[in-house]
Every structure is written in structure tokens, then in C-alpha cells.
Amino acid sequence: MTQLDLDPHPPAAGPGTAPQGRVLHLRAAGVSLVLDVPATSLPTVVHWGADLGELSAAALDDLVTAGRTARANNDLDVPQPPRVLPEQSWGWSGRPGLSGHRAGAAWSTRFVPTGVHVEERAEGGRLGLTAADRDAGLTLEVEAELLPSGLLRHRATVTNTAGPGEQPYEVAELALSLPVPPVATELFDLAGRWAKERVPQRRPLTFGSHVRENRRGRTGPDAPLVTALGPAGFGFRHGEVWAVHTAFSGNHRTVVERLSSGATTVSGAELLLPGEVRLATGEQYRTPWVYAAWSAEGLDGVAARFHDHLRSRPHHPRLPRPVVVNTWEAVYFDMDLDRLLELARAAAEVGAERYVLDDGWFRHRRSDDAGLGDWYVDEDVWPQGLHPLVDGVRALGLEFGLWVEPEMVNPDSDLARAHPDWILRGGDRLPPASRQQQVLDLGNPAAYEHVLGRLDAILSEHAISYLKWDHNRDLVEAGSGPVRAPGVHAQTLAVYRLLDELRARHPGVEIESCSSGGLRVDLEVLEHTDRVWASDCIDPLERQDIQRWTTQLLPPELIGSHVGASPSHTTHRSSDLSFRAGTALFASFGIETDLTRMDAGERAELTRWVALYKDVRELLHTGVVVRDDDHDPSYRVHGVVARDGSEALFAVVQTGTPDGSLTGRVRLPGLLPRAEYEVTAQEPGNDPAVRGGRDLPWLATGVRLNGRTLAAAGVTAPAMQPQQLLLLRVRRA
Ligand code: DGJ
């Protein structure tokens, strides 16, 4: 650890506190981050990308010199690089890093470093820098950390240091940014909607701003998730890629900006509503973390950095991800104890390990019209409480989980009748209803304490191992308190606090982040929860794509996926059980259909899939996710390769009808190039009758090929019907 001129939290810039300039080089997992940290201005990212190897101080200085831009006609007399927090006071004409003002003043800053704290680690390291603008009455803290996964993350904190008599400082936006080199000419991110979350989109990177804004008060089905830039045509397995993720579950904004100078920057920020953050003297505002991944090997390389980072967290789930049976699409609101116990017995028979009672168990909740907020077990439906069900489920050897939606309230509830002032609203009017519900103001301490108390009581009274935490509407006109001040910022932080408090009080309880399906999927919510529900759509054809793109950020073990009914309840499309199960397999696996009505044959087949999941979950939940670039749009090939390259499981998925009648080859990427592998069909799911009745000659014997050949030449794909898949087990010979 090196400490330079150090006062980690100086009150303000002043004579004698200025640090010495230096160039900092952090390296981890094939990534270099070079920061020019001058004494008199905020740092500049000189290089974020491929590992540059060991560089001397002189070479680093030369790297800075080599990166200085030439002065063009009509340019500033001394051209300036974009700093981590771009400031207009240095001539930056793009989006400033800090937008804000103090009653119209202090709208443009020039921060001067006051302390630099560098921690160099064997893998990566951290820069903590404090700076001040005495005229503006502000201090700034910048934190940038290169993690052992090679993932970079940064955030900033601004503090109002003006005297007590001064006006508050209103923050409109605070965002650090990263430069992306000119070789990146194409921009990729995700969009989507309910039941079709995370749809990819691409466009050339043109001059101007690509701005993705979210004002839903939750992460959203259409969040960019990962904003990636690279050379035209970059894919899963090729192309250098620079990518960012804004880790926030409230309103947020991700911006890619290309200026006429040619400079391209990417930034992520919380989207603050007007007046939402007004700092009184001594108060501060901290941005969300923004995570950034560079990869030489396309989007799979980016995903691998996110997955490595998530798996390295001390609180990452380490126990095998249990087979879940969820009651929602099995019984909906039919809370009949006998029926639910029968479902639990069927669940135990197929090998399930966790039983989750979904919506409908609490007071007044006979449909989605009423009851949200009344977090008491409904005495009419459950005269003996939930205990007979909880005990019955646990006696079968299953864990018990419970659905809650703590941030919400139905106007038709005892809670809303007793505390109408606890509802977020912009004025005397209520926001437009969505699923007949409104949002509780958790920024209100009384409302917060009430919800915390009820959840704590339920968890204390019952042996509950799991909460499915739902959130089924956008925050619209979310005004808080007597003046109806914008409340999304406070609400989002309150939810994080609530989750943390419950986890502290009930350490064994895992929490799933659900929001109308997959509308709260981000890295910050996963700091407070243990899995996400990827989508309300469990039609496997849709799920193939939803999961394909959710794994761009999250490893399979954090993504909930269930085997549903056929026809699907959301799309009415029919599908074979093998397609449904083979799709859910590559995630945190579960079942969400009325098992008691499944015929014996199907139940036996599902039992085999559950057994396979248990057999392969360690591989799937620790290995490297690989996705082959689609050569034929009617096929998808994806898989997971063990970290040591010793084995892999691939799925060859036929999503549509190929144009040609001859099947082509599919490639199996990501294996050790020189190692020999046996490739065989993995049962179940290899029934030729299911695959369309046609045999594939090589499947009868399997083949032995090395990793290089499997990645480059591949194997012939089976002739299948649309919506069928074949699993291939690959083992090192
Ligand atoms: C939306 C969720 O995504 C579903 O899985 C289910 O829990 C319902 N809410 C219950 O109301």
C-alpha cells in the first residue's frame, strides 16, 4: 500500500494539501488500468484495456505524453483530456460529470485534489482520491477499484462543505466516466418489456449521445443491463469490447457520448428527479457503483468478468442451488391446504428441495385486487395459520419459502385505510393504479418500521428459509412526505436497508429479487439478495433468449428458471417437457406447474431431469458460460465449461426452422485447445422420437476430438424440430 501526501478525508483544499502527481498502473486478470493522477486536477484514464505488462515509471510518464492530443484549429489553446469527472472549467464541452447548483451559483466546478490514497494489490488495487472546490463549497471523493476479476468499478461522493448560512447544494447528476478508444465503432445494449426482458439491440456509434434513461423507479425490463462498445460485428467469442453496468435499482441513466473531437466516453448514474437530492451543510450524495469490463474475447469475456466477480463475493451462495417448486402457476390464488400439501408431496417425489408458497396467503388477498400491505396470515383461509403447510412441507424434507411484496399496498387494504399518507403520490391525486396497487413510502420511517416489523414477525414465527420478494409496478409520481418531494432515491435506498436488516435478523434466509418477473435485475440488488427471477415468461422458447442475455451479467446460479406447463401460461405456445426442462437446467432450476395433474410418464421424465440437474449443478454453477456466435439463426448453442477445462455441458437448441434441409455443424467453444474430449449425448433429452425421429450417426458412438477442433470445426447438429434441444456432455478423455 502506498500513501501519498495523505489526508484521506481533508475538509477542503488548501495550501500544503496538494498531492504530488503520479501515474498509477493497476493490473488484474489481463487488464491494465493506467490513471494519470496530477496534483492540480482530477485524474484521467490513460488506458483501460489489455494488460500492458510491467511498466517503469518513465514508461508510464511516456504513455501519458504519448496520449496527449494535438491541438486542432479552433480548439482550446491547451487541449484537455476527459477526466474521470469531466468539468467544463477545463473546457469539456460534453456532458459534465457533476451537474448541480446552489441557488443558481456553484454550477461549474474545478476540483483540486487534496488527498490520494492508493492501495496496490497483487491483483488490481484501489484509488481513493479526495478533491475540493473551495469556491463552490464542495468536496468530492472518487473511488476506483480494479478487482481481481479484472472488473473495474467506480463511484463518487459529493459533500456540501459550505457554511451553515449558505443555500443547500442541489445535485442534478453525478457521474464518473470512462474513455473508450476509437476502435470501438459499434454500440450494443439491451432493451425489452414485461415477459420479454433483455432484448439485444445494436447500432453504429455515431456522434452525439446514446442516452438510456429509466424513470420507472425499478431497474426495468428495458434496462441496458450491459452497455458494450467494440469494433463492428463484435460477438460472443470475438472482438475487443468495453462494457459498463450501472448497478442501481431505482431511476438510472447510462450515457455513451461521442464528441466532435472524436472522444468517446461512457458513464452511468442515478437519474435524480428535480430537487430530489438537496444537500444541506455537511450532507453528502454518493453515486451507485458503475462496473466496467474490458475483454479481448467478445461478450463472453465480458460476462466471465462479471461472473468471476460475483462468485468471488463472500456472500455469494455456495450451497448447491436447490430445486424449487413454486406454487404460482400451479394454483395461483387457490390457497387450499389439502391441494397445497398434495403439491408438496408431488414435489418431494420428483426430487424438489424447496417449496415456495407464492402470492395469496395473507389477509384479504383472494385476487390481485386487494390485501397488499396486510402482512398477516389470513385467518379465514388458514384457521390454524401457515403452520400445517410449513410443517407438512418440512416434514417432506423440503425447505419452505414465502412470497412477499413489501413495498406495495392495495388501496383496498387495512393498511391503506389506516395510513393513506403512507402512499407515494405527487399531489392529492393517487398515481395511476397498476395491478390495482400503489407504492408505500418507505422513506417514511413509520411506514418502514411497520413493514420491517411485520416481515420480521412472520420470519420469526415460521421456519422460513426463503423469501420471494416481489415488486409489481413502476413508481409513478412517487412523491414523499407532506410536500410530496420526489422519493425514488430515498425509496431505493430504504429497500436496500430493509433487505439488509431482515438478512441481519434472519441470517439463514435467502431472498429472491422478483419484480413483475425480471424487472429488478442489477448488481446492487444482488448485494442484498441471492437470486433473481428472470421473467414471468417460462415459455422455454422465450426463456432461451431471456437467459442467454441475462447471463451477460449474471452467472446461471443467480438466475431463477422454472419448468412450466404446456401450453405456456404467458404465450399459449406448447412445448415438450424436454425443451422446458433442458432450458431451465442452465439456471437455478425449479418447477412451476401443477405436478399433481401431470401424468405418470411426464412425472417420471421430470424426475430424471431433476436428477440430471443435481448431477450437473456444480459444473453449471461454477463453470464458464460460453455462447457460440449464431451461424444459423434457427440454432442456438450455449454451454458451461468447467474452469479447469475437464468437462462441459452444451445445449444445441433449435429455436426455429432452418432454411436448408441439411443440418450444418455447430461449434463447441471454450474447451482447452489441446485436450482430447469425448462428446456424447446427455440423457434425458436425447430421445430421437422427441428430436423428430431422425438419428444422427455420430451420436451412437460419440466422438473424440480436441478442444481446438470442437471450437473450429464442431460437430454436425442433429435434425430437430423447432423448440427441441440436444444436450451434449463433453468430458476430457
Ligand atoms: C409477479 C411474479 O413475477 C410472479 O412470479 C408471481 O409471483 C406474481 N407476481 C404473484 O402476484
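Both counts, for ligands and for their atoms, begin at 1 and track the order of listing.
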Before signing off on this row, confirm whether Arg365 and ligand 1 have an N or O atom pair separated by under 3.5 Å. no
So the atoms of ligand 1 within less than 4.0 Å of a heavy atom of Lys468 turn out to be 4 (C), 5 (O), 6 (C), 7 (O)
With no hydrogens and no angle check, just 3.5 Å: does a side-chain donor-acceptor pair link Asp470 and Asn472? yes
Taking the inter-plane angle between the rings of His245 and Tyr291 on a 0 to 90° scale, is it parallel (under 30°), tilted (30 to 60°) or perpendicular (over 60°)? tilted
Note the single closest protein heavy atom to atom 4 (C) of ligand 1, along with its residue, its atom name and the distance in Å. Asp536 OD1, 3.3 Å
Is Glu405 close enough to touch ligand 1? Criterion: a residue heavy atom under 4.0 Å from a ligand atom. no
Using distance alone, decide if ligand 1 has a nitrogen or oxygen within less than 3.5 Å of any nitrogen or oxygen in Ser516. no
Taking only heavy atoms of Asp359, which atoms of ligand 1 are found under 4.0 Å from at least one of them? 10 (C), 11 (O)
So between Leu372, Asp368, Asp358, whose heavy atom ends up nearest atom 6 (C) of ligand 1? Asp358
Given that the side chain starts at C-beta and the backbone is N, CA, C, O, which of these parts of Glu592 lies under 4.0 Å from ligand 1, counting heavy atoms, or is it both or neither? neither
Would you tell me whether Gln544 and Thr583 have side-chain atoms, one donor and one acceptor, within less than 3.5 Å of each other? yes
Using only heavy-atom distances, determine whether the side chains of Asp576 and Gln723 contain a donor-acceptor pair under 3.5 Å. no
Side chains of Thr227 and Asp189: any donor to acceptor distance under 3.5 Å? no
Once you round to the nearest 0.5 Å, how far does OG of Ser578 lie from CD of Glu602? 10.0 Å
A student checking ligand 1 against Cys514 at a 4.0 Å heavy-atom cut-off should list atoms 2 (C), 3 (O)
If we only consider heavy atoms of Asn472, is any one of them less than 4.0 Å away from an atom in ligand 1? yes
With atoms numbered from 1 as shown, which atoms in ligand 1 lie under 4.0 angstrom from a non-hydrogen atom of Gly517? 3 (O)
Measure the distance from atom 1 (C) of ligand 1 to every protein heavy atom, then report the residue, atom name and distance (to 0.1 Å) of the closest one. Asp470 OD2, 3.1 Å
Can Arg531 be said to sit on top of Trp469's aromatic six-ring, NZ or CZ under 6.0 Å from centre and within 45° of the ring axis? no
Axial cation check for Phe333 ring with Arg365, 6.0 Å and 45° limits: no
